[in-house]
Amino acid sequence: MKYWILKHRFLLMRRMTQLGILALYIAGNSYGFHLLMGNLSSSLVMKHIPLADPFAVLQIFAAGTILGLDVLIGAIIVVIFYLIVGGRAFCSWVCPMNMVTDMANWTRKVLYLEKIERKVWLGRNVRYWVLGLSLILSALSGVAAFEMVSPISMLHRGIIFGMGMGFAAVLCIFLFDLFAVKNGWCGHICPLGGFYALLGRMSMIRVKHNQASCTLCMKCKDICPEKQVLSIIGKESGAIVSGECTNCGRCIEVCEDDALAFGVRNYISSASEK
Amino acid sequence: MSNLESKKIVISERRKFLSLMAQSVGLSALGGMVWTGYLQEAKSAPLILRPPGARAESEFIRMCIKCGQCVSACPYNTLSLAKPGDHKPMGTPFYIPRQMPCYMCTDIPCVPVCPTGALDKKSVSSQIEGVETLDITKAKMGLAVVDTESCIAFWGIQCDACYRACPVMDSAIKLEYRRNPRTGKHAFLIPIVNSETCTGCGLCERACVTEKAAIHVLPLELAKGSIGGHYIRGWDKADEKRLEGISTDVTTHTKRSEKSATDYLNSGEEMFK
């Protein structure tokens with residue numbers, strides 16, 4: 001049991017943060033406990049500190065509006081925060097969709113779908129195209145384009161303010177990830193993840209690899225939802241620099257050889273870091 | 001055989017890159033068109049009532065970040081965020097007066113919390129002794145409209161439910177007394193809405209006693225007419241002033257108006273050509 005907790009420590013912490021944040025929002029909006037109000041699009045911490053989804057702000061800006069100071073400050077705070085903890089830390093530590101797609105992945109494993117599934121081709125760069133497209137369409141249609149269709153917003157807004165038919169969109173993502181493409185939504189399409197991946201290219205806290213201790217068991221690559229980021233495993237020591245790494249910590253947990261750990265990126269000599 | 005081999009197309013890195021890019025751009029254009037089609041449909045919902053201070057619909061929908069802070073701030077649970085299936089622009093705040101109207105709180109808690117300015121504090125404030133003070137009576141959420149056929153006051157039954165429910169009493173809804181010719185000795189107490197002071201809060205719609213409300217709030221752009229600039233109240237000196245400085249030469253110049261009107265009317269044969 002203790003071993004199991006050790007081997008899932010980051011997963012458990014992530015679930016606690018994801019659920020904790022949702023619980024705080026629900027408490028803030030429905031029960032008058034005003035630590036966190038609003039939702040993931042924009043919120044107010046302790047009634048004073050504004051937070052805002054920088055990608056939503058960017059879309060609204062593309063749609064042709066300069067917003068109030070509150071959201072701009074909120075968006076900057078969020079950008080700085082994720083520049084520190086890792087861009088896509090949002091995806092694995094905050095986004096409620098992560099629980100849905102992880103559930104799809106788990107079901108996939110239980111049903112042995114990997115071994116017998118049809119191959120559907122979908123590139124990992126699609127998210128950046130969708131990201132660009134949402135900004136262009138925001139400009140063309142005069143409304144934040146992704147925010148109008150985002151299943152993530154439907155989910156978190158639904159949990160906090162009432163779901164309606166939103167569960168259908170969430171079910172679509174689940175089925176897509178389960179039957180069409182592994183990590184299809186989070187790892188291929190989601191432009192919000194794409195946005196945070198761009199931030200992640202410069203972010204501070206990274207997973208670091210120590211090649212000397214690696215025994216090439218490849219458990220990390222097996223568990224990673226973004227395998228392409230682990231290209232240095234067993235080849236060289238250093239930080240996982242790709243922004244697509246979500247800092248979920250699953251690779252660190254499964255590693256039996258102490259070859260992976262969270263660390264601070266060395267900005268100055270990252271090229272020569274060996 | 002050798003002929004076929006010589007015709008083999010060599011795909012260079014450059015060609016590969018260019019065709020892959022062309023493919024991505026093409027697919028994006030395809031996706032973009034479908035997406036835009038949905039957006040154009042989804043963002044247009046003329047039958048929606050917004051919180052007080054909301055900017056014009058097209059601007060509101062552009063600025064609203066869908067955070068729901070106005071919804072949480074409302075002490076009466078009047079507002080809700082549009083869910084998928086509500087057939088309203090997704091995630092934006094609205095209210096349905098018959099279910100829960102706006103109670104016109106004097107401190108308007110829903111407006112100052114708006115982080116983006118989609119709810120404009122200025123539009124619901126007035127200058128009192130040089131200080132900008134929140135003033136809910138300036139809100140323009142909609143306009144109450146009476147269906148005279150289903151309003152029982154028009155039958156001659158004394159009902160002033162809407163009149164008494166109105167927070168801007170005796171101004172937004174006035175009762176007009178008319179003689180009831182059917183009985184010869186009673187009065188109609190007819191509710192008349194003034195579009196200048198009605199805020200669209202919907203307390204009247206909520207209070208209406210008929211099965212489905214005979215008075216209901218419609219969004220302003222749907223309920224209100226517009227006179228246009230060319231009608232002037234001649235009896236109103238301030239309105240009359242609009243005539244000053246306007247050129248008196250307002251003759252329409254057409255082929256027939258080359259001659260003066262009398263000439264043209266007298267030349268009979270030309271008229272019937």
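In this text the structure is predicted, and so the values were computed from the model without any measurement. In the text below, chain A, chain B and the rest are named by the order of the sequence lines, each starting its count at 1.
Of the residues listed (A:T101, A:D177, A:N105), the one engaging A:K182 in a side chain to side chain contact (heavy atoms under 4.5 Å, CB included) is A:N105, and it is the only one. Considering B:C151, B:P191, B:C162 in turn, B:C162 is the only one that fulfils the side chain to side chain contact (heavy atoms under 4.5 Å, CB included) rule with B:I215.
If you tally non-hydrogen atom pairs under 4.5 Å between each of B:A42, B:G32, B:C70, B:G117 and chain A, the highest count goes to B:G32. Interface remark: of the candidates A:S43, A:G123, A:G28, A:S43 forms the most heavy-atom pairs closer than 4.5 Å to chain B. When the candidates A:G164, A:A168, A:S42 are compared by the number of heavy-atom contacts under 4.5 Å with chain B, A:S42 comes out ahead. Your options are A:G162, A:S150, A:A52, and the one with the most heavy-atom pairs under 4.5 Å with chain B is A:G162. Counting heavy-atom pairs closer than 4.5 Å to chain B, the top residue among A:A145, A:G166, A:P50, A:A144 is A:A145. Ranking A:V149, A:I136, A:L133 against chain B, the residue ahead of the rest is A:L133, based on heavy-atom pairs under 4.5 Å. Most heavy-atom pairs under 4.5 Å with chain A: of the set B:R62, B:Q40, B:E59, B:K83, this distinction falls to B:R62. Taking chain B as the reference chain and counting heavy-atom pairs below 4.5 Å, the highest number among A:D70, A:L72, A:L40 is found for A:D70.
Using a 4.5 Å heavy-atom threshold, the side chains of A:V94 and A:T17 count as separate. A heavy-atom distance below 4.5 Å is found between the side chains of B:L218 and B:H216. In this structure the side chain of A:C245 never reaches within 4.5 angstrom of the side chain of A:R88, judged on heavy atoms.
Proximity to chain B (any heavy atom under 4.5 Å) is shown, for A:V126, by neither the backbone nor the side chain. There is no contact between A:S138 and chain B, counting heavy-atom distances below 4.5 Å. For A:Y128, no part sits under 4.5 Å from any heavy atom of chain B, backbone or side chain. When heavy atoms are compared at a cutoff of 4.5 Å, A:L44 approaches chain B by way of both its backbone and its side chain. Interface residue A:M148: backbone and side-chain heavy atoms are both found under 4.5 Å from chain B. Both the backbone and the side chain of A:S141 come within less than 4.5 Å of a heavy atom in chain B. Contacts between B:L81 and chain A at a heavy-atom distance below 4.5 Å involve the side chain alone, from C-beta outward. Both the backbone and the side chain of B:V25 come within contact range of chain A, judged by heavy atoms closer than 4.5 Å.
For B:M169, the CE atom sits in a packed shell: over 12 heavy atoms of surrounding residues, nucleotides or ligands are nearer than 6.0 Å. Counting heavy-atom neighbours within 6.0 Å of A:M165 CE, excluding the residue itself, gives a total of 12 or less.
Using modelled atom types, one finds no donor on one side chain facing an acceptor on the other under 3.5 Å when comparing A:S41 with A:R157. Residues B:T197 and B:S171 have side chains that bring a donor and an acceptor to within less than 3.5 angstrom of each other. With no hydrogens or angles considered, a side-chain donor-acceptor pair links A:R15 and A:N98 at under 3.5 Å.
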